[in-house]
Amino acid sequence: MDCIFCKIVAGAIPAHTVYEDEQTLAFLDINPATRGHTLVIPKQHAPDLFSVPPEALTATALAAQKVARLLQQVVRPDGLNIVQNNGSAAGQVVMHYHVHLIPRWTGDGALRMWRPGQTDHAAFAALAEELRRAQEA
Ligand code: 5GP
Ligand code: ZN
């Protein structure tokens, strides 16, 4: 398996593990945005949010909350971002589903997530309608 996170799960390459259970693993990001930047992954390989099985997704979400609380207790940030990239257009580099937990401090300037766009209620209404209809199909 040519997947760096599967190699970490298998113990084939080292990582600074902070939490582990039967289905998930959490370890420090090798190039942290801030102190305590942690990745939470399902042990089972799946590339992204679109493909990760529900049980692995649920286990990863629950592990992310545990690790977020751990970071809150130990690293004592002012806040914390969850970032989760899907596809190279969205900045995903490692194609094994993972959740970033990024502790934040007031004024740290560590992340800028998006530039707010324009409000367009007519376009929003049409898109919301299209999305609701797609669920009926
Ligand atoms: P992505 O951009 O795919 O959401 O984020 C991948 C993250 O994995 C990056 O923040 C990167 O620093 C981290 N990363 C890549 N390779 C390794 C590795 O071998 N070990 C660890 N601990 N983190 C890694
Ligand atoms: Zn993998």
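Scope of the values below: all heavy atoms of this structure, side chains included, with no hydrogens, waters or symmetry mates. The shown structure was predicted, so the numbers you read here are calculated from the model rather than taken from an experiment. Whatever order the structure lists ligands and atoms in, that order sets their numbers, starting from 1.
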Quick one: which ligand 1 atoms are inside 4.0 Å of a heavy atom on Ile8?
20 (N)
May I ask whether His100 places a heavy atom under 4.0 Å from ligand 1?
yes
Nearest 0.5 Å, what's the NZ-CG distance between Lys43 and Leu25?
6.0 Å
With hydrophobic residues grouped by side-chain heavy-atom distances under 4.5 Å, do Val18 and Leu71 end up in a single group?
yes
Starting from atom 3 (O) of ligand 1, which protein heavy atom do you reach first, and at what distance in Å?
Val93 N, 2.6 Å
Minimum-distance N/O/S atom that His45 presents toward the Zn ion (ligand 2)
ND1
Polar atom proximity, Val94 to ligand 1 (N or O, under 3.5 Å):
yes
Distance, nearest 0.5 Å, that separates CG of Asn85 from CG of Leu49
11.5 Å
Should you measure from each heavy atom of Asn85, which atoms of ligand 1 turn up under 4.0 Å away?
1 (P), 2 (O), 4 (O)
Is it the case that over 12 heavy atoms from other parts of the model lie below 6.0 angstrom from the CD atom of Glu130?
no
Closer than 4.0 Å to some heavy atom of Phe27 - which atoms of ligand 1 meet that?
21 (C), 22 (N)
Part of Tyr97 with heavy atoms under 4.0 Å of ligand 1, whether side chain, backbone, both or neither
neither
Is there a heavy atom in Gly91 that sits closer than 4.0 Å to ligand 1?
yes
Is the closest basic N to carboxylate O distance between Glu136 and Arg133 below 4.0 Å?
no
Could you name the option among Asp29, Ile4, Leu28, Asn31 that has the heavy atom nearest to atom 9 (C) of ligand 1?
Asp29
Give, for atom CD1 of Ile102 and atom CG of Leu80, the distance between the pair rounded to the nearest 0.5 Å.
8.0 Å
Given Ile30, Leu39, Asn86, Val83, identify the one with the heavy atom nearest to atom 16 (N) of ligand 1.
Ile30
Between His98 and ligand 1, find which residue part has any heavy-atom pair under 4.0 Å and reply side chain, backbone, both or neither.
side chain
Side chains of Gln23 and Asp21: donor-acceptor distance under 3.5 Å anywhere?
no
Quick check: Gln92 and ligand 1, any N/O pair under 3.5 Å apart?
no
If you count the atoms of ligand 1 from 1 in the order shown, which ones are under 4.0 Å from a heavy atom of Phe5?
8 (O)
Look at the rings of His100 and His37 and say which category their plane angle falls in: under 30° parallel, 30 to 60° tilted, over 60° perpendicular.
tilted
d(Gln65 CD, Leu70 CG) to nearest 0.5 Å is 12.0 Å
Provide the atom name of the closest N, O or S atom of His96 relative to the Zn ion (ligand 2).
ND1
Separation between CG of Leu39 and CG of Asp29, rounded to the nearest 0.5 Å
4.5 Å
